[in-house]
Peer 1: 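Take this structure first; my questions come after.
What's counted below: heavy atoms across the whole structure, side chains too, no hydrogens, waters or symmetry copies.
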Amino acid sequence: LAAAAIRHRGGRPRVWLPAFACASVWQAFLQAGFELKYYDGSAGLMGEEISPPQPEAGDTLLFIHYFGHPNEGMLKASRELHAAGVWIIEDSVQASLAPLLGDYSDFAVTSYRKFLPVIDGAVLISRSPLDLPSMGLRLQPPDESFVSARMVAKILRGANAAASEFLELLDRTEGSLEGTITPRETSW
C-alpha cells in the first residue's frame with residue numbers, strides 16, 4: 001500500500017532496501033513495479049555515524065528497526081534524505097513498541113502478529129491520508145482459511161497438543177504468505 005501510494009503521489013519506482021530484510025519486504029515492491037537497490041542496513045544500528053545510501057529525489061528508502069531497537073543511524077540520516085526528496089518508509093515490525101513514525105518518515109509499518117497473540121493484522125501509518133479508491137485499490141476481505149487454520153493451531157498448541165498436530169497448520173499458513181501479497185482487512 002505504501003509503494004502504491006508513493007507511485008500515486010509521483011514517486012519514482014525505485015526503492016533502496018537494507019540487504020538484511022525478509023522476502024515479504026522486497027516482494028511488495030516488486031509487485032508494485034519498483035526497481036530494487038540494496039544497501040548495508042547494519043550500519044548505524046547502535047547510533048554510530050553512518051554513510052547512508054545515496055538515493056535520488058523521487059526514490060524510496062526503507063529502513064528497519066531491528067530486534068526491538070530504534071535504528072538511530074537511519075533516523076538521523078532520514079532528515080537529509082527526506083529534504084533531498086526521498087520517500088522514507090520505516091519498518092517497525094521488529095520494534096512495535098518503539099515510536100512508530102520518525103520526524104522525517106513518510107510511512108511506517110508494523111505487524112500485530114509479531115508481538116500480540118493475534119492471528120492477523122498490521123498497521124500502515126502515513127503522514128497524509130491514503131485514498132485507496134483514487135489509487136485504484138481496495139482492501140480484500142480477510143482470508144478465512146488462513147485465519148481459521150491459525151486459530152486452530154493456536155488452540156491446539158495452547159492445549160498442549162503434539163507438535164505434529166499444529167506445526168503443519170502453522171507451516172501451511174506461513175507458506176501462504178509467500179508470493180503475491182494481497183492487502184486485506186483485519187479479521188474480527
Peer 1: Please check if any side-chain donor atom of E90 sits under 3.5 Å from a side-chain acceptor atom of H65, or the reverse.
Peer 2: yes
Peer 1: Quick check: is L170 connected to M151 through a chain of hydrophobic side chains (ILVMFWY, heavy atoms under 4.5 Å apart)?
Peer 2: no
Peer 1: Of the non-hydrogen atoms in A57 and A84, which two are nearest, and what is the gap between them?
Peer 2: CB-O, 3.3 Å
Peer 1: So, does D59 use its side chain to make a donor-acceptor pair with the main chain of V15 at under 3.5 Å?
Peer 2: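 Not at all, since once roles are kept as given, no pair shorter than 3.5 Å links the two residues.
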Peer 1: Looking at A32, is its backbone amide N or carbonyl O close enough to the side chain of R7 to form a donor-acceptor pair, meaning the two atoms are under 3.5 Å apart?
Peer 2: yes
Peer 1: Can I88 and L81 be said to form a side chain to side chain contact (heavy atoms under 4.5 Å, CB included), step by step?
Peer 2: CA-CA 8 Å; I88 306 292; L81 292 168; 3.9 Å; yes
Peer 1: I want to check something: taking the side chain as every heavy atom from C-beta on, are L139 and T186 in contact at a cut-off of under 4.5 Å?
Peer 2: no
Peer 1: Any heavy-atom pair between the side chains of H82 and D106 that's under 4.5 Å?
Peer 2: yes
Peer 1: Is any side-chain heavy atom of L61 closer than 4.5 Å to a side-chain heavy atom of P53?
Peer 2: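 Yes; the side chains approach each other to less than 4.5 Å.
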Peer 1: Hey, does E35 have a side-chain heavy atom less than 4.5 Å from the side chain of K37?
Peer 2: yes
Peer 1: Which atoms form the tightest heavy-atom contact between I119 and K154, and what is the distance?
Peer 2: CD1-CD, 3.5 Å
Peer 1: State whether the number of non-hydrogen atoms from other residues, nucleotides or ligands found under 6.0 Å of R172 atom CZ is greater than 12.
Peer 2: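 Counting neighbours around CZ of R172, more than 12 heavy atoms of other residues, nucleotides or ligands fall under 6.0 Å, so yes.
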Peer 1: Please name the pair of heavy atoms, one in N71 and one in I64, separated by the smallest distance, quoted to 0.1 Å.
Peer 2: ND2-O, 3.1 Å
Peer 1: Which pair of non-hydrogen atoms, one from G58 and one from W87, has the smallest distance, and what is that distance?
Peer 2: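 Looking at all heavy atoms of both residues, the shortest contact is O-CD1, 3.6 Å.
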Peer 1: Measure across P18 and Y66 and return the closest heavy-atom pair with its distance rounded to 0.1 Å.
Peer 2: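 Here P18 and Y66 meet closest at CB-OH, 3.4 Å.
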Peer 1: Which class fits the ring pair F29 and F34: parallel under 30°, tilted 30 to 60°, perpendicular over 60°?
Peer 2: perpendicular
Peer 1: Evaluate E185 against R138 for salt bridge (charged side-chain N to carboxylate O under 4.0 Å, His left out), listing each step before the verdict.
Peer 2: CA-CA 9 Å; E185 296 173 350; R138 71 179 195 78; 5.8 Å; no
Peer 1: If you define the side chain from C-beta out and look only at heavy atoms, does anything of Q27 sit under 4.5 Å from E178?
Peer 2: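 Result no, sub-4.5 Å side-chain heavy-atom pair not found.
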Peer 1: Is Q31 reaching over with its side chain to a backbone N or O of I181, donor-acceptor style, under 3.5 angstrom?
Peer 2: yes
Peer 1: For V25 and V93: C-alpha separation, side-chain torsions, deciding distance, then whether side chain to side chain contact (heavy atoms under 4.5 Å, CB included) applies.
Peer 2: CA-CA 11 Å; V25 173; V93 169; over 6 Å; no
Peer 1: Rounded to the nearest 0.5 Å, what separates atom OG1 in T173 from atom CD in E168?
Peer 2: 9.0 Å
Peer 1: Is it the case that the side chain of Y104 and the backbone of A77 share a donor-acceptor pair, with hydrogens and angles ignored and the cut-off at 3.5 Å?
Peer 2: no
Peer 1: Do you know the tightest heavy-atom contact between A5 and F107?
Peer 2: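 So the two residues come closest at CB-CZ, 3.8 Å.
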Peer 1: For the ring pair F63 and Y39, is the centre-to-centre distance below 6.0 Å?
Peer 2: no
Peer 1: Quick one: do L36 and L30 satisfy side chain to side chain contact (heavy atoms under 4.5 Å, CB included)? Show the steps, please.
Peer 2: CA-CA 8 Å; L36 306 181; L30 282 178; 3.8 Å; yes
Peer 1: Which is it for I89 and I6 under the side chain to side chain contact (heavy atoms under 4.5 Å, CB included) test, yes or no, and what are the steps along the way?
Peer 2: CA-CA 10 Å; I89 303 174; I6 289 168; 3.8 Å; yes
Peer 1: Could you check whether R184 pairs with E144 (Lys NZ or Arg NE/NH1/NH2 to Asp/Glu carboxylate O, under 4.0 Å)?
Peer 2: no
Peer 1: More than 12 heavy atoms of other residues, nucleotides or ligands under 6.0 Å from CZ of F20: yes or no?
Peer 2: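 Counting neighbours around CZ of F20, 12 or fewer heavy atoms of other residues, nucleotides or ligands fall under 6.0 Å, so no.
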Peer 1: Donor-acceptor pairs under 3.5 Å, side chain of residues 120-133 to any protein atom, not counting sequence neighbours: which ones?
Peer 2:
residue, atom, partner, partner atom, Å
D120, OD1, S187, OG, 2.9
D120, OD2, S187, N, 3.1
D120, OD2, S187, OG, 3.4
S126, OG, S128, N, 3.3
S126, OG, S128, O, 2.5
R127, NE, S105, O, 2.8
R127, NH2, G102, O, 2.3
R127, NH2, D103, O, 3.3
S128, OG, R9, NH1, 3.2
S128, OG, R9, NH2, 3.2
D131, OD2, S134, OG, 3.3

Peer 1: Verify, without hydrogens or angle tests, whether T110 (side chain) and S92 (backbone) share a donor-acceptor contact under 3.5 angstrom.
Peer 2: yes
Peer 1: Taking atom CZ of R157 as the centre, report whether more than 12 heavy atoms of other residues, nucleotides or ligands fall under 6.0 Å from it.
Peer 2: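 Atom CZ in R157 is not crowded, with 12 or fewer foreign heavy atoms closer than 6.0 Å.
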Peer 1: Are F146 and L167 connected, step by step, through hydrophobic side chains (Ile, Leu, Val, Met, Phe, Trp, Tyr) whose heavy atoms are closer than 4.5 Å?
Peer 2: no
Peer 1: Rounded to the nearest 0.5 Å, how far does CE of M74 lie from CD of E72?
Peer 2: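 Reported value, rounded in 0.5 Å steps: 12.5 Å.
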